[in-house]
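Because the structure is predicted, anything quoted here is derived from the model rather than measured. Read the numbers this way: they start at 1 and go in the same order the structure lists the ligands and their atoms.
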Amino acid sequence: MTSTIIKGLGVSEGIRMGKAYVYAPLKLGDRAERKTDAPEAELKRLHQAKARCLEELEELIGQTRQKLGEEKAAILKGQVSFLNDPTFFPPMEQLIRKEGWSAETAVTRVALQIAGIFEKMDNAYMQERAADIKDVGSRLLAQVLEHSGARLSDIRDEVVLVADDLTPSDTVQLDRSLVQGFITRIGGKTSHTAILAQSLGIAAVLGVGGGLDEIRNGDLVILDGSTGECLVRPEETVRQQYIRLMEAERADRERLAAFAARPAATADGFRVEIAANIGTPAEAEGLIAKGAEAVGLYRTEFLFMGSSTMPGEQLQFEAYRAAAQSMEGRPVVIRTLDIGGDKELPYLELEKEMNPFLGYRAIRLCLDRQELLRTQLRAVLRASAFGNLKIMFPMISGLGEWRQAKAIYTEVRAQLEAEGVPMADKVELGIMVEIPSVAVLAHSFAKEVDFFSIGTNDLVQYTVAVDRMNEKVSYLYDYFHPAVIRLIKNVIDAANAHGKWAGMCGSMAGDRLAAPLLLGLGLHEWSMSPGSLHKVKETIAGCSRADCVKLTEEILELETPEEIRAALTAFLDK
Ligand code: PEP
Ligand code: MG
């Protein structure tokens, strides 16, 4: 087949090359139920599928043991036991023989029924087994249907992952030593899948649409996570050219690494705090060496999404303590659970909504199901004794919500005090500014909160009415929209007027083009994906604060995002 180029949104930078691994998952219940007139033939299909499954598992167990260790291999061994369990396979045979169901229906019915029993058990360990049963059930189903659909957990070589869509929970599970990059049919610039790709350092191009059909399993693919270009089956000369570009990229990274050890300051000595966004405590390890002075946003929802049941207080406590300890006394801003929008938690059994980003999300959900928030606050407060933790509430839309959240915090703290639990004397409480109503009312909030953190990812979607997930309207999604910039200015001014600090944890903070403007506006803390730290520090070091203030005054007079981008580009190119 000839080579071709497809284009999408470059959401996580890096040029990567590798064999395509086309991921087309098959889920239990995807297929309509079917009866059969030939049960013997169906039984044969079932038995052959089981035999292939066992062969596949045996091979995978060997590879897993070698690459990932015995513990991970044991999970797959558990699948072999399920396949051979008298409560798993024989009931499938019965459904075919006695009731005349097809092999795929028999597999689906039995696997879902057994998983359902485990799900209802009042024990987290047993509930987690439900996911294992579904997993082995869908593995068997794929064999029955001779479905070529791959499984993320089966990736064992270096690949470029190609999929219609990847959920944030798929993305957190990716093994970054194997998955070089990924390309998806749908997805927006600041979807959580994109954000996770950035924090894991995986190059990603989303929203390539129909172009995805050009890629076959095993094709050589090159993707450029900045430009959004993907080259499928490139010619040898093009391949060589990209190998050179990858080498140049590596040299650039090495040059920028020198900025890790330097403080973030402008040429005329204006100092700002540079922080990193994380999704798991493991990401906090080594952050100080990379040059982060704080964690400006710990998206705790990924802890909840990485588990098939609700993480309890102890597990959360250990995660928050680990992040606090890795940062060795530097600030760690823990954001309370921000579920909803594009982040689902199946075990909460939330209803499907027409407009999930405008619906039952984040603090709204937590103020309704307060036990969630109370447990999380207990865990954070217990962990506060081990470092410098701050708490931030997401999706605040009015003073009432903030006051209610703060009141709950005060109650939880009093309870822990009564129990004699050690805690930090002072834990700062702040809010995300990601809804325009709060940015407009920032002066009222600034009297009460300890800090603000501006979430441009949502602030843009709510201010400009543009779905952050939808690639069709992504041309409108721009944090350089003058309306967004005025809101940001209002927040920073309000913080300054009341002696509070204002940070930014949305993607704008990690864009070097925005740096002169954010310096001019006087943003105190900048929190970004770790991959952007060095480049932003380099840009700040190359600016003079006095020039940035002057530029910002001019920018505030401009009326379109294009004019603002042009002014910033010209400034940085000088
Ligand atoms: C934001 O909205 O800018 C933000 C940082 O939060 P999230 O991307 O997790 O919604
Ligand atoms: Mg947000």
Roughly how far, to the nearest 0.5 Å, is the [atom2] atom of [Y] from the [atom1] atom of [X]?
{"X": "F302", "Y": "I339", "atom1": "CZ", "atom2": "CD1", "result": "8.0 Å"}
{"X": "Y298", "Y": "L389", "atom1": "OH", "atom2": "CG", "result": "10.5 Å"}
{"X": "M392", "Y": "F452", "atom1": "CE", "atom2": "CZ", "result": "12.5 Å"}
{"X": "E328", "Y": "L287", "atom1": "CD", "atom2": "CG", "result": "11.0 Å"}
{"X": "Y23", "Y": "L166", "atom1": "OH", "atom2": "CG", "result": "7.0 Å"}

Do H443 and D493 have side-chain N/O donor and acceptor atoms under 3.5 Å apart?
no

Side chains of E351 and Y360 only: does a donor on one sit below 3.5 Å from an acceptor on the other?
no

Does ligand 1 come near enough to S507 that some N or O of the ligand is less than 3.5 Å from an N or O of the residue?
no

K343 vs H192, test: side chain to side chain donor-acceptor pair (under 3.5 Å). Steps then yes/no.
CA-CA 8 Å; K343 290 175 288 195; H192 285 90; 3.1 Å; yes

Excluding waters, which are neither shown nor counted, protein N/O/S atoms under 2.8 Å from the Mg ion (ligand 2) come to 2

Of all the atoms in ligand 1, which lie at a distance below 4.0 Å from a heavy atom belonging to [X]?
{"X": "M432", "result": "1 (C), 4 (C), 5 (C), 6 (O)"}
{"X": "R468", "result": "2 (O), 7 (P), 8 (O), 10 (O)"}
{"X": "D458", "result": "1 (C), 2 (O), 3 (O), 10 (O)"}
{"X": "R361", "result": "10 (O)"}
{"X": "L297", "result": "5 (C)"}
{"X": "I195", "result": "8 (O)"}
{"X": "C505", "result": "5 (C)"}
{"X": "E434", "result": "1 (C), 2 (O), 6 (O)"}

Just to check, does M528 reach to within less than 4.0 Å of ligand 1 when the distance is taken from its heavy atoms?
no

protein heavy-atom neighbour closest to atom 6 (O) of ligand 1 works out as R335 NH1, 2.9 Å

Looking only at protein heavy atoms, identify the closest one to atom 7 (P) of ligand 1 and say how far it is in Å.
H192 NE2, 3.2 Å

Run D165 and T184 through side chain to side chain donor-acceptor pair (under 3.5 Å) and show every step you take.
CA-CA 5 Å; D165 188 18; T184 64; 5.4 Å; no

Should we count CD of E428 as having more than 12 external heavy atoms under 6.0 Å?
yes

Heavy-atom neighbours of E559 CD exceed 12 at 6.0 Å:
no

Is it the side chain (CB and beyond), the backbone, both or neither of [X] that lies under 4.0 Å from ligand 1, heavy atoms counted?
{"X": "L459", "answer": "neither"}
{"X": "N277", "answer": "neither"}
{"X": "M392", "answer": "neither"}

Whether the side chain of H498 engages the backbone of K500 through a donor-acceptor N/O pair (distance < 3.5 Å, no angle test) should be reported.
no

Go through the steps to decide whether T375 and Q316 satisfy the test side chain to side chain donor-acceptor pair (under 3.5 Å), and finish with yes or no.
CA-CA 9 Å; T375 305; Q316 291 191 51; 5.9 Å; no

